[in-house]
Amino acid sequence: MTMETPPADPVLHASQDGEGGGRLRIAIVAPPWYSIPPSGYGGIESLVSWLTERLVQRGHDVTLIAAAPSRTSATFRATLAEPPSHRMGEALPEIVHTARTRTILEEIGPDVVHDHSTAGPLLAGIGAPTILTAHGPVRGDYGAYYRSVAHGVGLVAISDAQRELAPEIPWFGMVHNAIPVGDYTFRDTKEDFALFLGRMSPEKAPHLAIEACREAGQPLVLAAKCREPDEIEYFEAEVRPRLGPDTEWLGEVDDKTKKDLLSRARCLAFPIQWDEPFGLVMAEALASGTPVVACRRGSVPEVVGDGVTGFVCDELDQLPDAIRRASELDPGACRERASSMFDLDVMVSGYERVYRKAIGQADDPPVTRPRRDATRS
């Protein structure tokens with residue numbers, strides 16, 4: 001089944017009205033690499049878990065399709081006995097996950113499929129409209145892939161910045177990523193350290209966080225995933241040589257420790273060096289009452305209220321002063337921005353509208369196009 005997306009159709013935003021319409025049968029397809037919810041690093045997996053649970057709470061019939069073991073109040077169907085995390089980057093584990101997903105979808109017959117995997121959208125058309133959240137970049141190989149599948153699925157952006165980078169893609173909607181803001185501890189009294197939280201990569205640039213905090217005279221705590229070979233190589237080359245008494249390296253932390261650090265930190269240092277389409281950790285910091293100091297890349301200006309809930313820096317040499325000034329900002333304003341823009345209920349309502357739009361278009365009569373004469377060039 002192909003969903004037609006007329007060029008004149010406006011992009012649906014989560015802020016538009018459109019709830020209601022009864023119970024839906026929704027299949028949520030997770031990536032295969034981590035359990036749902038993840039025990040440590042795994043932003044997409046956390047988001048999938050939150051979305052699934054809240055859709056169930058709203059009365060929908062939800063089936064979560066993922067690797068075992070996973071915990072959910074939805075119906076759970078496993079594609080793999082355990083997540084193949086150690087094989088991330090290989091094609092075959094995801095191909096197996098996708099092939100088994102197809103069998104499950106044919107068995108359960110959902111009203112709509114919401115896919116968060118990479119290969120899954122290649123199954124679009126087996127009987128239900130498919131929504132694909134574009135978690136990856138819209139340039140390079142990912143961009144080419146999204147362009148290839150966008151006319152057969154409802155491709156949803158996670159920020160306006162992501163859509164603006166690829167205006168030629170027929171985007172079906174935009175729904176910001178979100179978090180359960182109430183699950184994050186809010187503190188208006190902060191401690192004397194900045195926090196870097198994420199993974200070891202030159203795009204996330206923790207080495208720049210170290211340099212900026214050192215110049216600002218601000219102690220830094222580094223908490224980051226460092227498991228993959230490229231992450232370890234980057235850490236050894238760029239981060240370890242910069243460690244010192246003013247920089248505490250914790251490695252990867254669990255959810256409880258992460259939330260504690262976010263609530264106590266004076267600011268989140270987010271010196272990204274790529275156009276990240278969202279950056280969930282920024283919303284997590286704001287929910288904790290912690291300002292974000294970041295480079296102006298990707299969705300940063302969309303998430304961070306410059307001068308109110310953080311500082312958006314155009315140049316790297318602006319980072320140290322912004323880190324020093326972070327304590328001037330109101331933690332309450334940070335929490336309010338997270339609650340009004342990036343709370344889970346805002347995201348779930350947005351996806352409910354996208355689901356109903358997709359189902360409505362799938363139920364429309366198919367567009368008949370004249371057949372091309374095979375004898376003519």
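- When each of Val346, Leu344, Asp345, Asp343 is checked for a side-chain contact (heavy atoms from CB on, under 4.5 Å) with Val181, only Asp343 meets the rule.
- Salt bridge absent: Asp111 and Arg23 never bring a charged side-chain N and a carboxylate O closer than 4.0 Å.
- Other residues, nucleotides and ligands place more than 12 heavy atoms under 6.0 Å from the CD atom of Gln57.
- Checked by atom type and distance alone, the side chain of Glu302 never pairs as donor or acceptor with a backbone atom of Ser159 at under 3.5 Å.
- A donor-acceptor pair is defined here as one N or O able to donate and one able to accept, closer than 3.5 Å; such a pair exists between the side chain of Thr72 and the backbone of Ala74.
- A salt bridge between Glu231 and Arg227 is absent, with no side-chain N of the basic residue lying under 4.0 Å from a carboxylate O of the acidic one.
- Using modelled atom types, one finds a donor on one side chain and an acceptor on the other under 3.5 Å when comparing Gln218 with Asp192.
- In terms of heavy-atom proximity, Ala283 sits nearest to Val303 at N-CG1, 4.4 Å.
- Checking Lys190 against Thr290 by side-chain atom types alone, a donor-acceptor pair falls below 3.5 Å.
- For the pair Leu64 and Thr52, the tightest heavy-atom approach, listed with the atom from each and the gap, is CD1-OG1, 4.0 Å.
- With salt bridges taken as basic N to acidic carboxylate O contacts below 4.0 Å, one links Lys258 and Glu284.
- When all heavy atoms of Arg335 and Thr185 are compared, the pair lying nearest together is NH1-C, 4.4 Å.
- Of the listed residues (Val293, Leu195, Val300), just one forms a side-chain contact (heavy atoms from CB on, under 4.5 Å) with Phe270, and that residue is Val300.
- With no hydrogens or angles considered, no side-chain donor-acceptor pair links Thr257 and Asp260 at under 3.5 Å.
- Residue-environment remark: CD (Glu82) stays at or below the threshold of 12 foreign heavy atoms within 6.0 Å.
- With salt bridges taken as basic N to acidic carboxylate O contacts below 4.0 Å, none links Arg25 and Asp61.
- Using a 4.5 Å heavy-atom cutoff, the side chains of Phe311 and Asp306 are in contact.
- Between Pro291 and Ala326, the closest heavy-atom pair is CG-O, 3.7 Å.
- Side-chain contact between Ser288 and Lys259: absent, with no pair of heavy atoms (C-beta onward) separated by less than 4.5 Å.
- Using a 4.0 Å cut-off between charged nitrogen and carboxylate oxygen, Arg356 and Glu352 do not count as a salt-bridge pair.
- Closest approach of Trp274 to Glu203, counting heavy atoms only: CD1-CB, 3.3 Å.
- Side-chain contact between Cys213 and Asp246 is absent, with no heavy-atom pair separated by less than 4.5 Å.
- Note on Leu329: it does not cluster hydrophobically with Val281, by side-chain heavy-atom contacts below 4.5 Å among ILVMFWY residues.
- For OH of Tyr142, the number of neighbouring non-hydrogen atoms (other residues, nucleotides, ligands) closer than 6.0 Å is 12 at most.
- In this model, a donor atom of one side chain and an acceptor atom of the other lie less than 3.5 Å apart for Arg58 and Ser349.
- Residues Glu276 and Ser299 bring no donor and acceptor atom of their side chains to less than 3.5 Å of each other.
- Shown here is Asp141, whose CG atom has no more than 12 heavy atoms of other residues, nucleotides or ligands within 6.0 Å.
- For the pair Pro331 and Arg187, the tightest heavy-atom approach, listed with the atom from each and the gap, is CB-O, 4.0 Å.
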